[in-house]
Amino acid sequence: MPNISNKGKNMPESPIRKLVPYAEAAIKKGRIIYQLNIGQPDIKTPQAALDAVKTNDIEVLSYSHSAGFESYRTKLAAYYKRNDIPVNADEIIVTTGGSEALMFAMGSITDPGDEVIIPEPFYANYNGFATASGVNIVPIKSSIENNFALPPISDFEALISDKTKAIILCNPGNPTGYLYTKEEIEQLAEIALKHDLFIVADEVYREFAYDGVKHHSIMSIPKLAQNAIMVDSVSKRYSMCGARIGCLVSKNQEVMKTAMKFAQARLSPPTFAQIASEAALDTPQEYFDEVIEEYTSRRNLLIEGLEKIEGVKVAKPKGAFYCIAELPIENADVFAQWLLEEFEMNNETIMVAPAAGFYSTPNTGLNQVRIAYVLKKENLIRAIEILGAALKQYNK
Ligand SMILES: Cc1ncc(COP(=O)(O)O)c(C=O)c1O
């Protein structure tokens, strides 16, 4: 048989999705599973976005411009300006999800063997995108003990080598829920400028900032214009994960020209989904106010519930809709599988994402899980009860 590529063999499995076969087997047995493992919100997609697809009269479902509809990019630019992100339509490339924007960014600024510095734990698929581009991730550790705050700037500088091309930042953070302060963003900008690095900021959770704390975009720092690249998505903002629309944003024309070549190679982003995403931009502020209120109360309920379970340590998220919980176990992979294969409480169980896959440092986060608070409150309460009972039984 012909050989598979080494790159392919080295691609990591998604820690979020790898337990799916066990979950499917449990469901076949009739088990009810509370899915805390995946960031699939249960929030309703704005009606205007759904209607725009239902009521349009397209006769030919054609390709669009490789950078996406101009009308959509123009409206997106207005949305960004309202969010202190001064960009124009030609500084935006619409992509097939934020995922594709991350791949375009990696492809445009790195060569095989280059390094990118990323605060860990980080969004697990960064590992996959880096592997696909032959890029090495140099992790900088943040820890649950200090709520996953950014490590001192001197730690970043110690990691910069002549291979370093970029710092990648997820703000607000998945899986930590950490929201970077204005000072932290400004300090990172200084390092990027001093060492001539790109900062790729994944801001797909921009709207999900709690307790009245404001999100600060990397794009709001004028002197960073040539170094800053932003990744965005409609997936979480409008609960439109299945639309598969995101975008890559930068004021650096060389970056955009290069990213366009990647965009042309895949022809165009999906047409119907762009129609829905353009309509979604008219979503009134009340929608977000309600959603933020809902996530805030889910977060509070989850954190309070987890803190009550003996031996569980958790950092309070300030944004996004995830938290990392440290459990009184040795190996979260084994525990997560056991939850699906062996445990049940009144025929119910939970699915969590083992956190080791969110680190690139080996043997780190082994006793941690990522929990997404994307379930209704009554289901979240039940899921926490199940976790408490499961830990008791597991450790008996
Ligand atoms: C931090 C982060 N970035 C990017 C993505 C990719 O999102 P999508 O491709 O659905 O836009 C996700 C999805 O969960 C995410 O959590």
Side-chain angles (χ1 to χ4, degrees), residues 12-18 20 35-43 45 49 68 72 76 92-107 116 118-130 132-133 137 139 142 148 166-180 199-209 215 217-218 229-249 259 262-263 266 269-270 273-274 276-277 280 295 317-324 352-353 355 357-360 370-374:
E13 266 184 311
S14 161
I16 306 161
R17 292 174 182 250
K18 71 181 179 186
V20 167
Q35 296 209 333
L36 303 168
N37 61 313
I38 187 164
Q40 171 58 61
D42 61 352
I43 304 289
T45 303
Y72 177 38
L76 258 179
I92 300 171
I93 294 177
V94 179
T95 54
T96 307
S99 306
E100 191 179 61
L102 282 161
M103 285 198 276
F104 288 179
M106 284 271 193
V116 292
I118 314 185
E120 80 172 358
F122 51 76
Y123 175 50
N125 283 330
Y126 296 163
N127 273 325
F129 299 137
S133 296
I137 291 181
S142 67
F148 297 109
I167 295 171
I168 300 182
L169 206 64
C170 185
N171 183 31
N174 172 7
T176 59
Y178 190 73
L179 188 64
Y180 291 96
I199 296 193
V200 180
D202 180 339
E203 301 188 359
V204 307
Y205 296 96
R206 176 178 311 108
E207 269 73 17
F208 305 96
H215 172 263
S217 173
I218 205 76
I229 301 172
M230 182 176 77
V231 167
D232 206 355
S233 170
V234 303
S235 290
K236 318 291 165 161
R237 178 171 312 132
Y238 307 112
S239 198
M240 282 172 62
C241 294
R244 310 307 308 128
I245 290 288
C247 62
L248 184 77
V249 184
F262 288 91
R266 64 76 165 109
Q274 286 186 80
S277 302
Y295 277 122
K318 296 185 234 169
F321 35 69
Y322 308 94
C323 74
I324 290 278
V352 291
F358 296 85
Y359 290 82
S360 65
R370 185 193 72 169
I371 294 178
Y373 42 100
V374 289

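Everything numeric in this text was worked out from a predicted model, so none of it was measured. First listed ligand is number 1; within each ligand, the first listed atom is number 1.
Under the rule for a side chain to side chain contact (heavy atoms under 4.5 Å, CB included), the partners of S277 that lie at least two apart in sequence or sit in another chain are Y72, V234, M240, I245. The side chain to side chain contact (heavy atoms under 4.5 Å, CB included) test applied to E13 returns K18, not counting sequence neighbours.
Note: Y178 and Y180 have perpendicular aromatic rings, judged against thresholds of 30 and 60 degrees for the angle between ring planes.
Applying the salt bridge (charged side-chain N to carboxylate O under 4.0 Å, His left out) test to every pair with at least one member in residues 238-248, sequence neighbours left out, gives no pairs at all.
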Could you tell me, for ligand 1, which of its N or O atoms are under 3.5 Å from any protein N or O, listing the pairs and their distances rounded to 0.1 Å?
{"residue": "ligand 1", "atom": "3 (N)", "partner": "D202", "partner atom": "OD1", "Å": "3.4"}
{"residue": "ligand 1", "atom": "3 (N)", "partner": "D202", "partner atom": "OD2", "Å": "2.6"}
{"residue": "ligand 1", "atom": "9 (O)", "partner": "G98", "partner atom": "N", "Å": "3.3"}
{"residue": "ligand 1", "atom": "9 (O)", "partner": "S99", "partner atom": "N", "Å": "3.0"}
{"residue": "ligand 1", "atom": "9 (O)", "partner": "S99", "partner atom": "OG", "Å": "2.5"}
{"residue": "ligand 1", "atom": "9 (O)", "partner": "R244", "partner atom": "NH2", "Å": "2.8"}
{"residue": "ligand 1", "atom": "10 (O)", "partner": "S235", "partner atom": "OG", "Å": "2.7"}
{"residue": "ligand 1", "atom": "10 (O)", "partner": "R244", "partner atom": "NH1", "Å": "2.7"}
{"residue": "ligand 1", "atom": "11 (O)", "partner": "G98", "partner atom": "N", "Å": "2.6"}
{"residue": "ligand 1", "atom": "11 (O)", "partner": "S233", "partner atom": "OG", "Å": "2.6"}
{"residue": "ligand 1", "atom": "11 (O)", "partner": "S235", "partner atom": "OG", "Å": "3.2"}
{"residue": "ligand 1", "atom": "14 (O)", "partner": "K236", "partner atom": "NZ", "Å": "2.9"}
{"residue": "ligand 1", "atom": "16 (O)", "partner": "N174", "partner atom": "ND2", "Å": "2.7"}
{"residue": "ligand 1", "atom": "16 (O)", "partner": "Y205", "partner atom": "OH", "Å": "2.7"}

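Y322 has its ring centre less than 6.0 Å from the ring centre of Y205.
When all heavy atoms of P172 and L179 are compared, the pair lying nearest together is CG-CD1, 3.5 Å.
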